[in-house]
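When a ligand or atom number is given, it counts from 1 through the structure's own listing order. These numbers were taken from a predicted model, which means no experiment stands behind them. Values below: every heavy atom of this structure, side chains too, minus hydrogens, waters and symmetry copies.
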Amino acid sequence: LPVIRLDGVTRVYSIPAGDVVALDDVSLDIMEGEFVAIMGPSGSGKSTLLNQIGSLDVPTSGDLFIDGRNTREMTDDELTDLRRDSIGYIFQKFNLIPLLTLYENVEYPLILKYGKRDESGRATELLKMVGLEGAMIEHTPTEISGGQQQRVAIARALVNDPKILLCDEPTGNLDSKTSTQIMEILADLNRRGKTVVMVTHDPATAEYANRTIVIRDGRVE
Ligand code: ADP
Ligand code: ADP
């Protein structure tokens, strides 16, 4: 059973100058445990595709199934739960909250979900898993390197134990040595069962995937 299925997904953005077909009739199955890289030129529809998979956005036509469920048939509350519990996001710019400590950044999704501080030790455990522990985790994001910020972002993305990790240019702001360290973490998570879907420009980063999908002008080749 595919954990992600796109069936004829088209996304048209309507702008004053006319319609932009960002995704054109894309059908795609991603099986549980796969590590998929999405590559293609700038403007080809990579981010639009990732946003569709993350159900951040509704297709103009076609259907998205997550775990066999058609997202079109889900209520807004069900979609909110799906995005929170089944999908973790990792971005090029890390998107950490600058006023919170590293620990608080990772804990934050738990507070949103449960309405109280973490009682499980999970935030600390995940930070340790990505190599951050002790007094370090009381620092704020501006006090640490880009590679460390991406480690925190990975811990945060994992805190609700999602089965899918969506990564949009996860190494785009990192030097090659740091990129390798981050990719080793993602590859390890994949080996431990996470389904990973990653947009990248970088062939060295795409090497970590089991499958590469190339998109051009909104169409999967
Ligand atoms: P990529 O991630 O490959 O650079 P995108 O998915 O961002 O490509 O964009 C695909 C196409 O859709 C481009 O032509 C882009 O200009 C257009 N596009 C993306 N987002 C929007 C939007 N919110 N409104 C209008 N056009 C958009
Ligand atoms: P629900 O009833 O909505 O499923 P529960 O409160 O029963 O949620 O908790 C489900 C799981 O989440 C349990 O394993 C519990 O230990 C854990 N949990 C509950 N509150 C928190 C919290 N604040 N931080 C982290 N984990 C929590």
Taking [Y]'s backbone N and O only, do any of them form a donor-acceptor pair with [X]'s side chain (distance below 3.5 Å, no angle check)?
| X | Y | answer |
| --- | --- | --- |
| Arg72 | Pro59 | yes |
| Asp118 | Arg122 | yes |
| Arg83 | Ser55 | yes |

Protein residues that have a heavy atom under 4.0 Å from any atom of ligand 1, sorted by chain and number: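 Close residues (ligand 1, cut-off 4.0 Å): Tyr13, Ile15, Val20, Ala22, Pro41, Ser42, Gly43, Ser44, Gly45, Lys46, Ser47, Thr48.
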Non-hydrogen atoms of Ile38 and Leu50 that approach each other most closely: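 The answer is CD1-CD1, 4.4 Å.
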Derivation of the side-chain hydrogen bond (donor to acceptor under 3.5 Å, both in side chains) call for Thr171 and Thr205: CA-CA 8 Å; Thr171 62; Thr205 295; 3.1 Å; yes
Within 6.0 Å of CG in Asp76, more than 12 heavy atoms from elsewhere: no
